[in-house]
Structures are given as structure tokens and as C-alpha cells.
Amino acid sequence: MAAPMLHAVRGAARRVPRVSCRCLSGSPGFLAAVARRGLFQELFPPEGPGLPDLLLSGPQTVYCGFDPTADSLHVGNLLAVLGLLHFHRAGHHAIALIGGATAQIGDPSGRSLEREPLNPETLESNVRGVRDSLNRVFENYQVLHGGHAKPGATFNVLDNASWYRNRQPIEFLSSVGRHFRMGTMLSRHSVQSRLKTPEGMSLTEFLYQMFQAYDFYHLHQQHGCKIQLGGNDQLGNLMSGHEFIHKVTGEDVFGIMLPLITNTTGDKLGKSAGNAVWLNRERTSPFDFYQFFVRQKDSSVERFLKLFTFLPLEEIEKIMEQHVKEPEKRVPQKRLAAEVTKLVHGKEGLESAKR
């Protein structure tokens, strides 16, 4: 059966400014509390009822996407998972969306070259591995921190291949593509940066932002999802989703951008950069995973304690005060490594790493 046509709401198109989360750090509520940890970097749009008011009105649904370009998530993805878990702790509904369909296109954001296409067997294996990563982290979180979550909150893992599988390309372009404007799509930073390279950008990659926008729309229609999380290199895709949903439904949705984790030279951690620290133990052992965090420099360990753990800020402050008095004991690094290893590999994984 063909999907229903999408009709734009008259006068709905608009330019949306961004707002830094720093302006929320002094206000009450869940959003400000997580912003004070540095996890929420930017959000939009600032006008209308606003995201803080929406969150105060009752439980909301939030999602973040993970394209299965490898058979495991890595530390660079972990902040997005933690963002979803913070929402879950506050009593909201979290959706981790695996891009079983969009991984065949490849997100051009932050890349200088197009991704190599995945064969069906590799893609299936990757989807299974990413699902295992997500489920394992959530199960460990439930054991370690589940008692702190408000009742009624849910965490679900979905795959966008389930709603693209039966869509016909002509029908999809006719009903969805008509709502996107070339000028706006060309203005995205991910597009502009690629068009300036000798390799340029393929039509497949160019259309990625349309598919991600439709993912947000589908989750909005089917699950009442009004919030999307993404790394700060995902701004263009987040904006496309906001603009598409507002144009079609007239409703406001929101985006929250998370910081990117970089190494000491400023390079993004991840598979593309060739420096990934994986969440699946078959790729990175619990010992090597623990060592990655225990080796963090003094200049970054406090920030990482706020980002990667659920420790109260007051406790982190005391840990850092102890570190000033006894830096040779490396108390913050050891606590950071222990907390994150337990979350990713469980208590058994932490004991294994220590052995």
C-alpha cells in the first residue's frame, strides 16, 4: 500500500536560529542539570513554548540515530547513548534508532570521502552488533543506575529499514522530496565542505539529509517523538528534520547537539579517523577499554567525569579536590575508568580489566 501524501502547512516555512545551552545552565529542571555537565551543547529553536517547557509538561520521546557502518559502536558514540539514558532517568521515553537503511547511503557529515558501500551480509552483521552494543549498555545501566530512573520510562531500539523496506522510490520522492528545497540543502555545511573538494559529492550522499529528516518525521508520527539528539557535526541533518516536520505538520520539534570527543591532537574519535575505541569486547578488550580512560590527562579528566558518568557534580568536585592534594594517586582517572567500564562491560568486565 502506498504511503499517504504529505501536505505542507501553509506559511510554515521559516528560518530557525540556534541557541546555546549555556543560557539554560542557570535555570531549574532536567535540561539545565544535564547542560551543566556539558553534555548538551546547543539546542534549537528558541522561540515558541520552548524545549524546557515541553519537558516540564510531561514525559516526552527522544531519539538518536546510529548508522551501522561497523559491527560495534565506539566511544565517540557513547555520549549519544548517555544522552538517551539521561532522558530515561528523568522519566522520558528514549529510542535508539539503528540506520539499517540509511547506512547504505552513508552520512557525509564530517567526512572528506564517500563511504564504501556495504554488502547485505556485512550490513546485517553490523546491525546485529550495534543492537548488541546498545542493549548491553542499557542492561548494565539498569543494573547500576536503574533504581534512579523515574517509573514509566522506556528504552527501545528500532531499525529504520523497517519503514523503508516497502517504500517505492518514485512514491517516496513524490510525497517526501517535494518538501525539500535545493537552495537549503546546498547551504548545509556538510554539503558545502564536500563540494569544495576534488572528489565532490554524490547524489546519494546529498540526499542523506532528506532520509534522516524523514526518520524524525516517522518517529514523530508513530511514537510522538519531538526531540532528536545528535553530535554537533549533525546540525544540518537536525535542522532538515525540524524544518520538514514543521512544514508538513505545523508542529514544533527540537534538536539537541552533543559535543564531539576528540583525542589530544583534536581529531574526532571514531572509525573514520582510525582511532576508535570500540564498545564490543571482540574489538577492544575490557582491559584496553579501561586503559583508554585511566590514561586520560589531568586537563580532560574532570570534563570526562561529567560527560561519561552519572556521578553527582558535587562528588566530582570532591574527587578533583583530592586530586589536587594527591595527584600521584590518579584518583579521578581510576574512578572514570571504573565507572565507564562498568557501564559498557558490566561489573564482570571491570574485574576482568583489573585482573
Side-chain angles (χ1 to χ4, degrees), residues 3 5-9 11-19 41-48 51 61-67 80 83 95 97-111 114-115 158 160 163-164 167 169 172-195 201-258 260:
M5 292 290 287
L6 306 177
H7 301 284
V9 176
R14 58 182 176 172
R15 183 180 180 273
V16 182
R18 289 180 282 161
V19 57
Q41 196 167 65
E42 264 185 305
L43 60 106
F44 60 85
E47 76 272 14
L51 183 54
T61 300
V62 57
Y63 100 95
C64 186
F66 303 88
D67 275 351
I95 295 174
L97 179 64
I98 300 175
T102 44
Q104 300 176 67
I105 299 172
D107 184 359
S109 302
R111 292 185 58 86
E114 186 169 4
R115 295 186 187 275
L158 305 179
N160 65 9
W163 55 80
Y164 287 116
R167 297 299 296 266
F172 182 80
L173 286 172
S174 176
S175 62
V176 177
R178 67 177 62 248
H179 297 289
F180 290 81
R181 293 293 174 264
M182 289 291 295
T184 304
M185 296 176 73
L186 284 166
S187 70
R188 302 298 186 207
H189 175 73
S190 61
V191 176
Q192 286 291 313
S193 60
R194 287 290 296 280
L195 291 178
M201 171 181 263
S202 71
L203 177 63
T204 308
E205 288 184 297
F206 179 67
L207 293 177
Y208 182 91
Q209 57 183 293
M210 180 178 74
F211 284 93
Q212 184 163 315
Y214 184 80
D215 285 343
F216 198 176
Y217 169 81
H218 178 90
L219 294 174
H220 176 264
Q221 296 298 104
Q222 299 300 318
H223 299 273
C225 181
K226 295 183 178 180
I227 307 164
Q228 180 183 359
L229 301 183
N232 61 17
D233 61 345
Q234 291 292 308
L235 174 62
N237 295 329
L238 289 169
M239 294 294 289
S240 293
H242 172 273
E243 293 165 0
F244 175 52
I245 293 170
H246 189 79
K247 185 180 290 186
V248 173
T249 70
E251 296 184 33
D252 275 322
V253 294
F254 301 89
I256 300 177
M257 285 181 291
L258 311 169
L260 296 177

Nearest 0.5 Å please: distance from the [atom1] atom of [X] over to the [atom2] atom of [Y].
X	Y	atom1	atom2	result
Asp67	Gln104	CG	CD	10.0 Å
Thr102	Gln212	OG1	CD	7.5 Å
Gln228	Met239	CD	CE	12.0 Å
Ile98	Phe66	CD1	CZ	9.0 Å
Leu173	Arg178	CG	CZ	10.0 Å
Met201	Leu195	CE	CG	6.5 Å

Say whether, by atom type as modelled, one donor and one acceptor occur between the side chain of [X] and the main chain of [Y] under 3.5 angstrom.
X	Y	result
Tyr164	Phe211	yes
Gln192	Leu186	yes
Asn160	Gly100	yes

**OP:** Kindly indicate, with the supporting measurements, whether the criterion side chain to side chain donor-acceptor pair (under 3.5 Å) is fulfilled by Glu243 and His179.
**Re:** CA-CA 9 Å; Glu243 293 165 0; His179 297 289; over 6 Å; no

**OP:** Test side-chain contact (heavy atoms from CB on, under 4.5 Å) on Tyr63 and Leu158 and set out the steps.
**Re:** CA-CA 10 Å; Tyr63 100 95; Leu158 305 179; over 6 Å; no

Would a 4.5 Å heavy-atom cut-off, applied to side chains only, mark [X] and [Y] as touching?
X	Y	result
Val253	His220	yes
Ile227	Leu51	yes
Lys226	Ile245	no
Leu238	Phe254	no
Arg194	Glu205	yes
Val62	Ile95	no
Leu219	Trp163	yes
Met210	Phe172	yes

Smallest separation among heavy atoms of [X] and [Y], with atom names:
X	Y	result
Tyr217	Val248	CE1-CG1, 3.9 Å
Ser240	Arg188	OG-NH2, 3.2 Å
Ala80	Leu258	CA-CD1, 3.4 Å
Lys247	Arg181	NZ-CG, 4.4 Å

**OP:** Report the C-alpha distance between Ile105 and Leu207 in whole Å, list the side-chain angles of each, state the deciding distance to 0.1 Å, and finish with yes or no for side-chain contact (heavy atoms from CB on, under 4.5 Å).
**Re:** CA-CA 8 Å; Ile105 299 172; Leu207 293 177; 6.0 Å; no

**OP:** Would you please test Gln209 and Val191 for side-chain contact (heavy atoms from CB on, under 4.5 Å) and show each step?
**Re:** CA-CA 10 Å; Gln209 57 183 293; Val191 176; 3.7 Å; yes

**OP:** Please check if any side-chain donor atom of Gln41 sits under 3.5 Å from a side-chain acceptor atom of Asn232, or the reverse.
**Re:** yes

**OP:** Could you label the plane-to-plane angle of the His246 and His242 rings as parallel, tilted or perpendicular, counting under 30° as parallel and over 60° as perpendicular?
**Re:** parallel

**OP:** Evaluate the ring-ring contact (aromatic ring centres under 6.0 Å, His included) criterion for residues Phe180 and Phe244: first the C-alpha distance (whole Å), next the side-chain angles of each, then the deciding distance (0.1 Å), finally the verdict.
**Re:** CA-CA 7 Å; Phe180 290 81; Phe244 175 52; 5.1 Å; yes

Original post:
Would Cys64 and Gln234 satisfy side-chain contact (heavy atoms from CB on, under 4.5 Å), going step by step from the backbone distance to the final call?
Top reply: CA-CA 11 Å; Cys64 186; Gln234 291 292 308; over 6 Å; no

